[in-house]
Amino acid sequence: MTPRIVALYSDFGFGDWYVGVMKGVILSVNPQATVIDVVHTIPDHDVSAGSFALAASYSYLPLDAVVVAVVDPGVGTERRIICTETAGRTFLAPDNGLLSGVFLREGHGRIVSVENDEYFLKPVSSTFHGRDIFASVAGHLSMGLMISKLGREVRNVKRFDVPGARLSGGSLDVLIQWVDWFGNLVTNCGEELARELKLIWGRFRITGVEGKSVSIVESYEAVGVGELLAIVGSSGYLEISVREGSAAAVLGFGIWSELRLTKA
Amino acid sequence: MTPRIVALYSDFGFGDWYVGVMKGVILSVNPQATVIDVVHTIPDHDVSAGSFALAASYSYLPLDAVVVAVVDPGVGTERRIICTETAGRTFLAPDNGLLSGVFLREGHGRIVSVENDEYFLKPVSSTFHGRDIFASVAGHLSMGLMISKLGREVRNVKRFDVPGARLSGGSLDVLIQWVDWFGNLVTNCGEELARELKLIWGRFRITGVEGKSVSIVESYEAVGVGELLAIVGSSGYLEISVREGSAAAVLGFGIWSELRLTKA
Amino acid sequence: MTPRIVALYSDFGFGDWYVGVMKGVILSVNPQATVIDVVHTIPDHDVSAGSFALAASYSYLPLDAVVVAVVDPGVGTERRIICTETAGRTFLAPDNGLLSGVFLREGHGRIVSVENDEYFLKPVSSTFHGRDIFASVAGHLSMGLMISKLGREVRNVKRFDVPGARLSGGSLDVLIQWVDWFGNLVTNCGEELARELKLIWGRFRITGVEGKSVSIVESYEAVGVGELLAIVGSSGYLEISVREGSAAAVLGFGIWSELRLTKA
């Protein structure tokens, strides 16, 4: 049998053994599992950023993957852990809205509350369910465990809306949903609206940013090295970038910055 | 046959190809090996921190794992490399005390000095035994090589004591053994003593830190967001934390800081 | 069949899901692939640094590996992507000189232009060919796809010379080609010349650096902790280091710094 992929998302960073012991626990349960890191640098405790990271990437994971997402400021409290089969994959996450972006794109099938401690690593600590519950359960899921074995079906899971950018009165208010390694600012302006803006505006200004207007382009080479541009990026949203440079550094914006754009 | 897991610990960080070529060498010897990174951000050359990282995590690795630990300021000198079977796993490390924390918890079985260069990658450099010796030997161990083939049995390996915190005269002197990605300060005060403190103190003050007393709690939600707390963390030691924040940033302490705690 | 290793190099860093989705795409094509990260912290868009990283490490990857290198400031432009079988491995990279260091050491066999979109993930974005082309093609290569299926043979690929250090008039001008995690400064002075310098100079001064001369040594222990030294490092070049410290921090040099060395 082909080993089933377990894909990990978290805000655990890369400074500790936390992700490593999750892999140890998964492989202790299922030595045949293939475990990959998707991203561990979701900003600490930022469930909204985690929701965006998941939504931007899950569709590139193999069908059949077990997707484990741990951004869990409520660890050790009564918050539930949920598991669902959605979009051909199995998702395991705290019930804190972390799967909102996935649900928004895919809807969802049956959701269960993860309660059967037969599949947990005991004793369960109060601070690291990633190791003691998520990794252990993921190991079992990767061996074919049916999610119905984990607990009873639930409805009313926590979800938040992911606001889209909207054009109103000649200006567009956008939110920065992610700042990547290169300093690209990923907005919440989707592809369709971005294409419309390209047609009707072509270029825009950012309120409060002096002297710089930004072209909406199809590829980085449309502007000179070091110049600002906007482009529909690989996550399907308009990104504000600097060619071979960092828009975050040049403009001073970060995650969740709110920008107002107007026609240049 | 199930592939045997090789688990890597080092202070090599994540800025270079050093860990990557170790994996390349392991997989060149044993293409079936499953290699996982446990932690590579042990503070540079800090054997004591490495010993703590190993002790806090090895028990979550699969039985049968080959555990390779390289924090090796003595690389290229006459320091030995040792290999031992302990706690169901095979450990490979420089003979500089790096395995002290593991030995303290587990005792140890036979230890051999790694000398048989038949299992080394040649020529052996004087600066990167992680690649030329550790990775190559680990590849062979993951294929079932008996440790007795590596060299003669040795005794008198280097070990240091890992000091525990002790309560004396109404105050507790603790050492910070690790600062994690979230800024949690992991002390050397073990679980048993921590539970005792919770009973007899409930709260404590940190000498030199103005105006803040710290509750010893069972879960993060016992205090408000942004408040200090102390909790037995996932490594089995009392950790000083800020709920959804960084105690390291708030208090200004780092690894090996010494703190005096007194009843609040 | 033994799974074929896919080894990844990029400047994508570790802050996003970019490397993770590349793995997702590779494993979607070939669930049996073993994927390893070699290095993802090549300085952003720095093709020369990437060329050095590849040259310093590829020979430690398994024969038969599929080596994928993405440092690609020209993504979305007309720059080609090339694939070649060299030194027993298959290399996939943009045609921007990234393979120069490998070609310099190994020469190269047939090179093809990667054009057959049957092996791409569609739609192909204009900003992330690492995911949509490189990862997808690598997945197919790891299953045994012949490179001739990817496109027509090409000549005249982009290459740049990697300058070596040269001794002239009693001084040696060197370039820093890499600064590693420990702060070691890896020069472009090769092993042979370094051994010659050791014989004829023994020690050197760095122009502009006051009061410090540097011994060329065989192992770190030849100098005291905290002292400067020079040693032929694991990449085969002279490195300027501080024993158990950071030469980059002490001297203030970075990648591509130019230094003049003279006999002390």
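Proteins get letters first, then strands, A, B, ... in listed order; numbering begins at 1 in each.
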**Q** If I measure from the heavy atoms of chain C, does A:Val225 come under 4.5 Å with its side chain, its backbone, both, or neither?
**A**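 Neither part, no heavy atoms under 4.5 Å.
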**Q** In the structure I gave you, are the side-chain heavy atoms of C:Tyr18 and A:Val39 within less than 4.5 Å of one another anywhere?
**A**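 They are not in contact (no side-chain heavy atoms under 4.5 Å apart), so the answer is no.
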**Q** Looking at C:Glu153, I'd like to know if its CD atom is crowded, meaning that more than 12 non-hydrogen atoms belonging to other residues, nucleotides or ligands lie closer than 6.0 Å.
**A** yes
**Q** Using heavy-atom distances under 4.5 Å, tell me whether A:Ala53 contacts chain C through its side chain, its backbone, both, or neither.
**A**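 It is both, since atoms from each part get that close.
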**Q** Which distance, rounded to the nearest 0.5 Å, do you find between the CD1 of A:Ile5 and the NZ of C:Lys23?
**A**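 If we round to the nearest 0.5 Å, A:Ile5:CD1 and C:Lys23:NZ are 12.0 Å apart.
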**Q** Measure distances from C:Asp37 to the heavy atoms of chain A and classify the residue's part below 4.5 Å as side chain, backbone, both or neither.
**A** neither
**Q** Which heavy-atom pair separates A:Glu244 from C:Pro73 by the least distance, and what is that distance?
**A**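 Heavy atoms of A:Glu244 and C:Pro73 come nearest at OE2-CB, 3.4 Å.
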**Q** Would you check if C:Phe12 and A:Phe182 make a side-chain contact, meaning some heavy-atom pair closer than 4.5 Å?
**A** yes
**Q** Measure A:Ile36 against the heavy atoms of chain C and call it side chain, backbone, both or neither at under 4.5 Å.
**A**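 The answer is the side chain of A:Ile36.
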**Q** Without hydrogens or angle criteria, can the side chains of A:Trp178 and C:Asp16 be said to hold a donor-acceptor pair below 3.5 Å?
**A** yes
**Q** How far does CH2 of C:Trp17 sit from CG of A:Leu61, to the nearest 0.5 angstrom?
**A** 12.5 Å
**Q** Is there a side chain to side chain contact (heavy atoms under 4.5 Å, CB included) between C:Val75 and A:Tyr220 once you walk through the steps?
**A** CA-CA 8 Å; C:Val75 62; A:Tyr220 293 127; 3.9 Å; yes
**Q** Under 4.5 Å heavy-atom distance to chain C, tell me which part of A:Ala56 shows up: side chain, backbone, both or neither.
**A** both
**Q** Which atoms of C:Ile26 are under 4.5 Å from chain A, going by heavy atoms: the side chain, the backbone, both sets, or neither?
**A** neither
**Q** A side-chain contact here means heavy atoms from C-beta on lying under 4.5 Å apart; do A:Ser235 and C:Phe128 qualify?
**A** no
**Q** Using a cut-off of under 4.5 Å for heavy-atom pairs, which of A:Gly233, A:Ser234, A:Ser57 has the most such pairs with chain C?
**A**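 Among the listed options, the one with the most contacts to chain C is A:Ser234.
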**Q** For the side chain of A:Ser219 and the backbone of C:Ser126, is there at least one donor-acceptor N/O pair under 3.5 Å apart?
**A** no
**Q** Given that the side chain runs from C-beta out, which part of C:Val19 has a heavy atom under 4.5 Å from chain A: side chain, backbone, both or neither?
**A**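 When you check distances to chain A, no heavy atom of C:Val19 falls under 4.5 Å.
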**Q** Is C:Val35 in contact with chain A via its backbone, its side chain, both, or neither, using a 4.5 Å heavy-atom distance?
**A** neither
**Q** So, do C:Phe14 and A:Trp181 have ring centers that fall under 6.0 Å from each other?
**A** yes
**Q** Nearest heavy-atom pair of C:Gly15 and A:Thr41: which atoms, and what distance?
**A**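 Reported closest heavy-atom pair: O-OG1, 2.7 Å.
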